[in-house]
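Values in this document were obtained by computation on a predicted structure and should not be read as measured data. Each ligand, and each atom within it, is numbered from 1 in the order the structure gives.
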Amino acid sequence: MTYQLITVRTEADKVGIITLNRPKQLNALNGDLMDELGAALKSFDADEKIGCMVITGSEKAFAAGADIGAMATYTFSDVYKGDYITRNWETIRSIRKPVIAAVSGFALGGGCELAMMCDFIIAADNARFGQPEIKLGIIPGAGGTQRLPRAVGKAKAMDLALTGRMMDATEAERAGLVSRVVPLDKLMDEVLGAALMICDYGQPSVMAAKESINRAFESGLSDGIMFERRLFHALFATADQKEGMDAFVNKRKANFTNR
Ligand code: CAA
């Protein structure tokens with residue numbers, strides 16, 4: 001498939017890298033871009049060789065939100081009947097391999113929400129996060145009112161969504177929204193380092209870890225623990241568990257085969 005609004009490449013044949021590519025609009029997210037993003041994610045997820053994916057933007061903007069120009073004339077029946085957002089923004093939730101957001105510059109509105117749909121965020125020191133929808137007479141509509149409080153707590157989520165202010169990378173890391181902050185010129189090195197490390201582990205255990213942590217946000221503690229325990233038990237049926245433990249016991253590097 002050829003893409004117009006994203007670019008797609010791989011690193012070391014193992015990491016699928018998707019770059020949002022509407023630079024003049026600061027990567028504002030429209031329906032066509034979200035269709036392309038969903039297709040690229042699905043294609044990498046289905047590729048045996050790919051162990052991890054990265055979504056990134058430009059130095060100035062990861063994504064400055066949903067496309068306001070496109071939304072400006074939408075009516076209620078347009079968005080309701082067309083199933084706006086639900087129709088094609090959340091494909092990423094069905095992706096089973098890890099997806100890292102590499103964020104530099106603005107991650108606002110739907111851009112912040114897209115970053116939060118990824119499994120974790122590594123930010124450059126120039127990153128700025130916010131949910132400024134209140135300034136447009138709307139509210140976050142791609143999960144921001146749900147994922148942001150889970151990531152940073154009620155106080156900061158309310159502060160950001162009600163004032164529309166931005167927070168910088170330092171504040172975002174302190175609040176728990178991002179896992180690491182690095183200098184802008186080191187962002188992709190850091191992200192690819194993490195991605196390649198993940199690719200070297202066994203895919204069944206990587207996918208199970210992702211699935212189990214995500215379950216923490218969908219269930220009560222007892223159910224979540226039981227879900228984890230079942231996956232943990234199941235991994236003892238994999239060749240990778242035998243390999244990983246044998247490698248440790250015999251003081252050698254594990255060679256996982258994703259089986
Ligand atoms: N949609 C459409 N176009 C956008 C855009 C957006 N979200 N954000 C920026 N652009 C466009 C601007 O209109 C401008 O285009 P022109 O050159 O044709 O005028 C271009 O990108 C550059 O933007 P600025 O000149 O504004 O750049 P700046 O550096 O002065 O400011 C900014 C950068 C602070 C990010 C500012 O562009 C801004 O506030 N953007 C809007 C952010 C926003 O409100 N996001 C939320 C959208 S609603 C949403 O996302 C709903 C949801 O939950 C799903």
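Remark: ligand 1 and Gly110 share an N or O pair separated by less than 3.5 Å (distance only, no angle test).
Remark: Asp240 does not engage Arg259 in a salt bridge, criterion side-chain N to carboxylate O under 4.0 Å. Arg128 and Glu171 are not joined by a salt bridge, as no carboxylate oxygen comes within less than 4.0 angstrom of a charged side-chain nitrogen. A salt bridge links Asp119 with Lys210; the closest basic N to acidic carboxylate O contact falls under 4.0 Å. A salt bridge links Arg9 with Glu11: the distance from a Lys NZ or Arg NE/NH1/NH2 to an Asp or Glu carboxylate oxygen falls below 4.0 Å. With salt bridges taken as basic N to acidic carboxylate O contacts below 4.0 Å, one links Arg180 and Glu190.
Per-residue contacts place Ile85 under 4.0 angstrom from the following atoms of ligand 1 (heavy atoms of the residue considered): 54 (C). Counting the atoms of ligand 1 from 1 in the order shown, those under 4.0 Å from a heavy atom of Glu113 are 52 (C), 53 (O), 54 (C). Taking a cut-off of under 4.0 Å to the non-hydrogen atoms of Gly141, the atoms of ligand 1 that pass are 52 (C), 53 (O). Close approach of ligand 1 to Glu133 is summarised as follows: ligand atoms under 4.0 Å from at least one heavy atom of the residue are 48 (S), 49 (C), 50 (O), 51 (C), 52 (C), 53 (O). Taking a cut-off of under 4.0 Å to the non-hydrogen atoms of Ala28, the atoms of ligand 1 that pass are 1 (N), 2 (C), 6 (C). Contact atoms of ligand 1 toward Pro140: 53 (O) (distance under 4.0 Å to a heavy atom of the residue). With ligand atoms numbered from 1 in the order given, ligand 1 contributes 44 (O), 47 (C), 48 (S) to contacts under 4.0 Å with heavy atoms of Leu136. Interface of Gly109 with ligand 1, defined as ligand atoms under 4.0 Å from a residue heavy atom, comprises 46 (C), 50 (O).
Per-atom contact check: atom 45 (N) of ligand 1 touches the protein, criterion being a heavy-atom distance below 4.0 Å. Note that atom 19 (O) of ligand 1 has no protein non-hydrogen atoms nearby, at separations under 4.0 angstrom. Of the protein's heavy atoms, at least one falls inside 4.0 Å of atom 53 (O) of ligand 1. There is no protein heavy atom closer than 4.0 angstrom to atom 16 (P) of ligand 1. Contact annotation for atom 12 (C) of ligand 1: protein absent (non-hydrogen atoms, distance under 4.0 Å). Inside a 4.0 Å radius of atom 26 (O) of ligand 1 there is not any protein heavy atom. There is a protein heavy atom less than 4.0 angstrom from atom 8 (N) of ligand 1. For atom 39 (O) of ligand 1, no protein heavy-atom neighbour is present inside the 4.0 Å cut-off.
Of the protein's heavy atoms, Leu26 CD1, 4.5 Å lies nearest to atom 24 (P) of ligand 1. Remark: minimum distance from atom 10 (N) of ligand 1 to any protein heavy atom is reached at Gln25 O, 3.7 Å. Nearest to atom 41 (C) of ligand 1 among the protein's heavy atoms is Ile68 CD1, 3.8 Å. Closest to atom 30 (O) of ligand 1 among all protein heavy atoms lies Lys60 NZ, 5.0 Å.
Only side-chain heavy atoms of Met71 come within less than 4.0 Å of ligand 1; its backbone N, CA, C and O stay farther off. Counting heavy atoms under 4.0 Å from ligand 1, residue Leu29 does not touch it at all. Contact annotation for Ala66 and ligand 1: heavy atoms of both the backbone and the side chain come within less than 4.0 Å of the ligand. At a 4.0 Å heavy-atom cut-off, ligand 1 touches Ala64 through backbone and side chain alike.
Atoms CE and CG, on Met207 and Asn258 in that order, are 9.5 Å from each other to the nearest 0.5 Å. A distance of 11.5 Å separates CG of Leu41 from NZ of Lys97, quoted to the nearest 0.5 Å. Here the CG-OG1 distance, from Leu37 to Thr19, works out to 11.0 Å after rounding to the nearest 0.5 Å. The distance from atom OG1 of Thr145 to atom CD of Glu133, rounded to the nearest 0.5 Å, is 9.5 Å.
Although no hydrogens or angles enter the test, the distance criterion places no donor-acceptor pair under 3.5 Å between the side chain of Arg147 and the main chain of Glu113.
Following chains of ILVMFWY side-chain contacts shorter than 4.5 Å, one cannot reach Ile122 starting from Ile55, and the two form parts of different hydrophobic clusters.
Cation-pi contact between Arg215 and Phe227: present, with separation from the ring centre below 6.0 Å and deviation from the ring axis of at most 45°.
Put simply, part of Lys24 is less than 4.0 Å from ligand 1, judged by heavy atoms.
Between Tyr84 and Tyr74, the ring centre distance stays below 6.0 Å.
You'll find the side chain of Cys199 reaches within 4.5 Å of the side chain of Val15, heavy atoms only.
Taking the six-membered ring where the residue is Trp, Phe232 and Phe236 present perpendicular rings, their angle passing 60° and hence far from 30°.
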